[in-house]
Amino acid sequence: MEYNFREIEKKWQQLWTDSKAYAVSNDSTKPKCYVLDMFPYPSGAGLHVGHPLGYISSDIYARYKRLKGFNVLHPMGYDAFGLPAEQYAIDHGIHPAVSTAANIKTFRKQLDNIGFCYDWSREVQTCDPKYYRWTQWIFLQLFDSWFNRKTQKAQRIHDLIAIFEQEGNRNHPFPNNKYELPSGGQSFSAGEWGKYDEQQRQDILMQYRLAYLAYTDVNWCEALGTVLANDEVINGVSYRGGYPVIKKKMRQWSLRITEYAERLLKGLEEVDFSDSMKEIQRNWIGKSYGAEIRFEVKSEKNMVQEMVVFTTRPDTIFGVDFMVVAPEHEMVLAITSAAQQDEVDKYLQYVQSRSEVERMAEVKKITGCFTGAYAVNPFDGREIPIWISEYVLAGYGTGAIMAVPCGDERDFKFAQFFNIPITNIIGPAYNGKEANATKDAILENSGFINGMVMRDAIEVVVNKVEELGIGRKQVNYKMRDAGWSRQRYWGEPFPVIFRNDIPYAMDVKDLPLELPASDDFRPSGTGEGPLANVSAWVHIDDHEKRDTNTMPTHAGAAWYFLRYMDPHNDKVFADRKALDYWGQVDVYIGGAEHAVAHLLYSRLWVKILHDLGYLNFDEPFKKLINQGKITGDSRFVYRVRNTNQFVSAGLKDQYETDELHVDVNIVDGVELDTEAFKKWKPDFAHAEFILENGKYICGSAIEKMSKSYFNVINPDQVVEKYGADTFRMYEMFLGPLEASKPWDIKGIEGVHRFLKKMWRLFYDETKGQVWNTQKATDAEFKVLHRAIRKIEEDTERFSFNTAVSAFMVCVNELTDLKCNKKEILEKLLILLTPYAPHVSEELWHLIGNTGSILDAAYPVAEEKYLVETSKEYPISINGKVRTQLNINLDASQQDVEQLVLANEVVQKWLESRPHKKIIYVKGKMVNVVV
RNA sequence: GCGCAUGUGGCGUAAUUGGUAGCCGCGCCAGACUUAGGAUCUGGUGGAGUGAUCCGUGGGGGUUCGAGUCCCUCCAUGCGCACCA
């Protein structure tokens, strides 16, 4: 009886589906475990062998936990809104809903092929109105909330209104400190609030809402007639077409994620993410400590009394040689002197003309202009020239800096370029040739902080500044509020209605607000999205209008893990009981490319839902694992330029050639199948080859797996040839989960041989059944229990590659022992179930079990089979191993010394020198020091 | 430039705590069975040397009885950020 994987796998996949083997109940007395994959965007290209790496890992872990007695939630769904489907619709006239549904079908088929244990009854698709109804609902919760800085929590807008009625906004200033009331100023009293009309009140409330509408800078691409997301802009041009992109102010929805910067940062301490993942997020949040310092300003017009800078290095205050403000800063015109007016105008014009591309490309270019005004150093009264330059960003800090050329590289270059004299405050630490950003130098020329170490002076200066009332400690974040509008069709419509241009939340009972039917997906051309083309939908009546934007794909993905808990609920986004039972995702596996956007938005939404009382946890993912990418292994052929001749890689240097990607499926190793090549593309039908040793050898390179490189390997092919169980184990065997690695099919034979070898422990091709019911020996038990311990530990810590190797060791050893005993093999099958479920279930039944192996009890490693009484100790002389000696494990130091010194190999190495001491580490080694 | 991660046989990798470096697999070599082998099985396989032995975890230095593992330094690769004050 042979290992017929094709038949076995098909059979059990069907039986498991029929018996609903993977359905999970929300009602269980078992402990819960939530194992989640990042759901895929169903692209038209389908799955390649890189995608399942994470899915297989989580599947193994989920199955393992189930065997260990957990109620395991292991769902799957689709991040089904998104750009490519819309672009496809524009190019091919197929509605995104249609192409998306077709792609999902393909994905599902491919996933099913690999034998995952997903509970498909919980599937979610973000583009399904039954799903996005709740995405819209959550958006409305954000719209109806504000962040109370006093309590560091989200609260309802009606609480804020109550506060305003009581005391105005004196205790709750505008989150955006640049915002000014139409009447001027930034604060209003309860009395003033009472007199404001609806329009004014709504404007003010909008300044506090967590989802808010405001004029913000967007990436406007004139050529494409649309706004682009940041990730759609590469080096200042559109990723599609490479058209120029400019910053433009447009009225957009944003999420006030900046208010949560501190909590998002803090939360990282309690979650189990990789260091690099946490680092990337910290980086993105970009917290910096420093001070805001006010400087008196002297200018001709005398319209501006002071300017505020943000600095992380207040200790360098005596080294300030000039100030720089952003060209966009509103004070620029007010301080410019008559003499400098022309030059400033010219510079501002120049800055205006600079496109994003140029600014990005010419980061090192030094430009700037003196304003004719001066700031006064509050400590020594020095007058400091105020410049403008594009290297200072309007959006960060206060949009103005104090420049310290001896301590900052950019300031130094700027000073040098414009011949501004440089003050040295760090003595020998500054060499005059480049800035030194040290914090460890001793301060000189620095008034009251002379002689102090810079690091210590920071605090001293900040305290002084606060004492003098000219500034304060300040924390800054690099992170910006998240733009949440996309000028797209294929996304969630915003559930709001505009009356007199003021957005009001839709009644939740009217949700979902469904996308209107449309076949025109091109941008409207006015900066509005394709929805603007559906006039009847947009204009409800003369007074009421809908938003023509849709939400970004992050919206649906920000909470899908909650919906899986209760996917069919049409009363709430998920039942509170289900939310409390499943709680946090215990293990979340996915690619590192979602480090920032997706993870931050999900963390934000969960924090807000938690603050509003819908969840009892405020971090969504307890543990995050980023599986490595599987890269492609591309092959090249070399065409002799302007001919149809192809030269083998070893000879290509003798010709002038062009390198072309060739389909890896018609290359065996590096040897090209020349006949298949001729058939591959019509262009090559008459190709001629210059061979080496009768073969055409291809060039190779490791690159990302991509259709355009012809290096994509479809898992279906692999499963067809070797079976899902082999495929699953081989992907795991490739190396550590987190490591990136090139796909290399060569090793798969070894894993396949392993499964066949294991099969032969039960059935032999010629002899038929070989398994028996004899009693196992201690040696056999020992092999088994060592495997149990090792595989359990490895699975627990996601070290699947070493676990696969432990299976091989175990099967090799049992083969050597000629052990075909059911008593042993049965346990081995349970261990193997998470990794190779089909073959395990088949053999489980063949040896006489009736229930499914999916619910067998995981075997327990028994100490009694694992204890050793003695060990083959390595004996080293001066740290070099010279011999081995079998010593009893409970031997004492004296026993060991005696034994070791009596040994002839040891004697030989000692050469009759006396030993200094003997180091004996029980259970490890013995070292004789001479 | 800054931050993070990673460097081990021909290749993918292993070595959980400082304790026998190279488990397992690929590849390669030899053999068995065979009409045949790109099937299957068995044995061997880090490098040098006939050998005893010596050398070996990116390079250099250090700590230690003992270092792939800890510390310093340099180099290489990957990822992230990048005028962020």
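Each chain gets a letter, A, B and so on, in the order its sequence line appears, and its residues count up from 1. In this text the structure is predicted, and so the values were computed from the model without any measurement.
- Close to B/C84, at under 4.0 Å from its OP1 or OP2, lies no side-chain N or O of A/Arg313.
- Nearest nucleotide to the A/Thr311 side chain, out of B/C24, B/A5, B/A85: B/A85.
- For the residue pair A/Thr802 / A/Asp794, a side-chain donor-acceptor distance below 3.5 Å is found, with atom types taken as modelled.
- Between A/Asn801 and the phosphate of B/A14, there is a side-chain N or O to OP1/OP2 separation shorter than 4.0 Å.
- Atom pair A/Leu734:CG and B/C11:C1' shows a separation of 12 Å (rounding to whole Å applied).
- Within the 3.5 Å criterion, the main-chain N or O of A/Ile56 finds no donor-acceptor partner in the side chain of A/Arg728.
- At B/G25, one or more side-chain N or O atoms of A/Asn812 fall inside 4.0 Å of OP1 or OP2 (strictly under the cut-off).
- Residue A/Leu393 places its side chain closer to B/A85 than to any other of B/A85, B/C65, B/G80.
- Neither side chain, A/Glu738 nor A/Ser274, offers a donor N or O lying under 3.5 Å from an acceptor on the other.
- The A/Pro874 side chain lies nearest to B/U20 when the options are B/C83, B/U20, B/C4.
- A close approach under 4.0 Å does occur between a side-chain nitrogen or oxygen of A/Lys756 and OP1 or OP2 of B/U40.
- Here A/Phe5 and A/His752 bring their ring centres to under 6.0 angstrom of each other.
- For A/Thr312, counting side-chain heavy atoms from C-beta on, the closest listed nucleotide (B/C24, B/A85, B/U16) is B/A85.
- For B/C65, neither phosphate oxygen OP1 nor OP2 lies less than 4.0 angstrom from any side-chain nitrogen or oxygen of A/Ser876.
- Residue A/Arg760 places at least one side-chain N or O closer than 4.0 Å to OP1 or OP2 of B/C41.
- A sub-4.0 Å separation between OP1 or OP2 of B/C84 and a side-chain N or O of A/Arg410 is present.
- OP1 or OP2 of B/C26 lies within a sub-4.0 Å distance of a side-chain N or O belonging to A/Arg753.
- Between A/Arg797 and A/Glu793 there is no salt bridge, since no side-chain N of the basic residue sits under 4.0 Å from a carboxylate O of the acidic one.
- Here the nucleotide nearest the side chain of A/Ile919, chosen from B/G80, B/C84, B/G19, is B/G19.
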